[in-house]
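Count residues from 1 along the sequence.
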Amino acid sequence: MTTRRSLIGAGLGGLLLSGCERANRSPAFQAFIGHGQDLTFHAQRLLLSGQPLAREFKPSDISPVFKVNGSRQPTSAGYNAFMAKGFADWRLRVDGLVAIPTSFSLAELKALPARTQITRHDCVEGWSAIGGWTGVPLSIVLRRVGLKPEARYIIFHCADNLGGSGDAGLYYESIDLFDAFHPQTLLAYAMNGQTLAVEHGAPLRLRVERQLGYKQAKYIMRLEMTDRLDRIGAGKGGFWEDRGYEWYAGI
């Protein structure tokens, strides 16, 4: 069984301790993690420092072909208007349980400290590919806006519609704060040294490297901090999770 801890804490940028991804569905476990806010910030930082990293590769390992997962291009008029202007007018909203609701332009995100990593993408359909990703670590954005003590999850609201009318078909995903503050979790705007292509999620996609491909949300429009997932969609934490996939897709 894969061991995981999710972190949430007292104060801005705080984190909460949980246990393993299968246990975290039980009522008893949910009651247990409710006591996590009593953890000290120092103890939480010690836990974060021991997070395992996904394997990183050399530039020569990059796959010559990286298949497209999910949508190739959102069909909404709003997204296409952003795309027509090279996403110059696009902004990422960050709100919900944050101290300072903020929106960032693509240029503002690119001005923040960046990380580049070469990792393997594993699709639930059975294929894998190695790609290079550059973006801002999600933790940096979260520290800019500050998290309220009750924040536990991040919901990624996306522009692509995979089926259904109106907002019901819009793709969304979520992760907990343990993955959000992992050093390899990026809001990526470049792939293999080039501006992120539309088919791979432009202008911004999530890279949460220790999970399967369907967690790597593309076409991100908004980050929403929340204390629970059952208010969104069918309440399972993601578009595919609402249709039977596992919420934690660790590999």
Side-chain angles (χ1 to χ4, degrees), residues 59 62 66-119 121 129 131-147 154-162 164 166-175 180 183-209 213-226 232 238-239:
I62 290 175
F66 197 112
K67 292 174 65 174
V68 174
N69 66 306
S71 303
R72 287 186 169 273
Q73 181 179 326
T75 58
S76 71
Y79 177 87
N80 282 291
F82 288 132
M83 184 177 65
K85 295 183 178 181
F87 301 103
D89 297 335
W90 171 93
R91 298 190 72 86
L92 174 70
R93 289 171 52 200
V94 186
D95 58 19
L97 297 175
V98 300
I100 310 170
T102 307
S103 69
F104 297 87
S105 69
L106 189 56
E108 288 169 337
L109 290 173
K110 290 181 176 181
L112 295 174
R115 174 183 170 91
T116 295
Q117 58 201 31
I118 301 173
T119 53
H121 178 103
W133 306 96
T134 299
V136 55
L138 178 55
S139 60
I140 290 176
V141 173
L142 297 183
R143 290 188 176 101
R144 288 294 180 103
V145 300
L147 305 186
I154 304 176
I155 299 172
F156 300 83
H157 296 274
C158 304
D160 47 335
N161 190 312
L162 269 67
D167 292 346
L170 289 176
Y171 201 86
Y172 80 100
E173 256 305 341
S174 64
I175 59 174
Q184 291 174 313
T185 298
L186 302 183
L187 298 176
Y189 46 72
M191 178 182 180
N192 297 339
Q194 303 294 323
T195 298
L196 190 63
V198 168
E199 59 266 29
H200 287 297
L204 200 69
R205 73 172 295 165
L206 174 66
R207 295 302 308 176
V208 53
E209 300 296 356
Y214 65 87
K215 299 296 289 190
Q216 323 292 330
K218 303 195 301 185
Y219 314 113
I220 298 172
M221 305 296 288
R222 177 189 173 207
L223 307 183
E224 178 187 5
M225 295 304 309
T226 183
I232 310 297
F239 180 89

Roughly how far, to the nearest 0.5 Å, is CE of Met191 from CD of Glu199?
-> 8.5 Å

Residues at least two apart in sequence or cross-chain that pass salt bridge (charged side-chain N to carboxylate O under 4.0 Å, His left out) with Lys215, listed by chain then number, are Glu173, Glu241

Only one of Lys67, Glu209, Arg207 forms a side chain to side chain donor-acceptor pair (under 3.5 Å) with His121, so which one is it?
-> Arg207

Interatomic distance, SG@Cys158 vs CE@Met221, rounded to 0.5 Å, equals 9.5 Å

Do Phe156 and Glu224 come within less than 4.5 Å of each other through their side chains, counting heavy atoms only?
-> no

Only pairs at least two apart or in different chains count here, so list each side chain to side chain donor-acceptor pair (under 3.5 Å) that has a residue in residues 186-195.
-> none

All ring-ring contact (aromatic ring centres under 6.0 Å, His included) counterparts of Tyr79, not counting sequence neighbours = Phe87, Tyr219

Could you note down all residue pairs passing salt bridge (Lys or Arg N to Asp or Glu O under 4.0 Å) where residues 109-119 supplies at least one of them, sequence neighbours left out?
-> Glu56-Arg115

Mind checking whether Arg72 and Val198 have side chains closer than 4.5 Å, heavy atoms only?
-> no

Tell me, please, which residues at least two apart from Glu108 pass salt bridge (charged side-chain N to carboxylate O under 4.0 Å, His left out).
-> Arg91

Got a second to check how far Ser103's OG is from Leu223's CG, nearest 0.5 Å?
-> 11.5 Å

Not counting sequence neighbours, which residues clear side chain to side chain contact (heavy atoms under 4.5 Å, CB included) with Leu112? List them please.
-> Leu109, Val136, Ile140, Val141, Arg144

Identify, with sequence neighbours excluded, every residue that meets salt bridge (charged side-chain N to carboxylate O under 4.0 Å, His left out) alongside Arg205.
-> none

With sequence neighbours excluded, tell me which residues meet salt bridge (charged side-chain N to carboxylate O under 4.0 Å, His left out) with Asp89.
-> Lys85

Sequence neighbours excluded, which residues qualify as ring-ring contact (aromatic ring centres under 6.0 Å, His included) partners of His200?
-> Phe66

What's the spacing between Leu162 CG and Leu170 CG if we round to 0.5 Å?
-> 9.5 Å

For Met225, what residues pass the side chain to side chain contact (heavy atoms under 4.5 Å, CB included) criterion, not counting sequence neighbours?
-> Leu97, Val98, Leu142, Leu147, Ala151, Ile154, Leu177

Please examine the side chains of Tyr214 and Tyr171, heavy atoms only from C-beta on, and report whether any two atoms are closer than 4.5 Å.
-> yes

Can you find a pair of side-chain heavy atoms, one from Pro137 and one from Thr185, that are under 4.5 Å apart?
-> no

Thr134 versus Leu186: any side-chain heavy-atom pair under 4.5 Å?
-> no

Could you please spell out the steps behind the side-chain hydrogen bond (donor to acceptor under 3.5 Å, both in side chains) verdict for His157 and Arg93?
-> CA-CA 10 Å; His157 296 274; Arg93 289 171 52 200; over 6 Å; no

May I ask you to say whether Asp95 pairs ionically with Arg222, meaning some side-chain N is under 4.0 Å from a carboxylate O?
-> yes

Asn161/Phe239 under side chain to side chain contact (heavy atoms under 4.5 Å, CB included): CA gap, chis, key distance, verdict = CA-CA 10 Å; Asn161 190 312; Phe239 180 89; over 6 Å; no

Interatomic distance, Thr75 atom OG1 to Asp160 atom CG [nearest 0.5 angstrom] = 9.0 Å

Counterpart residues, side chain to side chain contact (heavy atoms under 4.5 Å, CB included), relative to Asn80 (two or more places apart) | Gln73, Met83

Looking at CG of Leu204 and CD1 of Ile220, how far apart are the two atoms once the value is rounded to the nearest 0.5 Å?
-> 5.0 Å

Partner set under side chain to side chain contact (heavy atoms under 4.5 Å, CB included) for Ser174, not counting sequence neighbours = Ile155, Leu229, Trp247

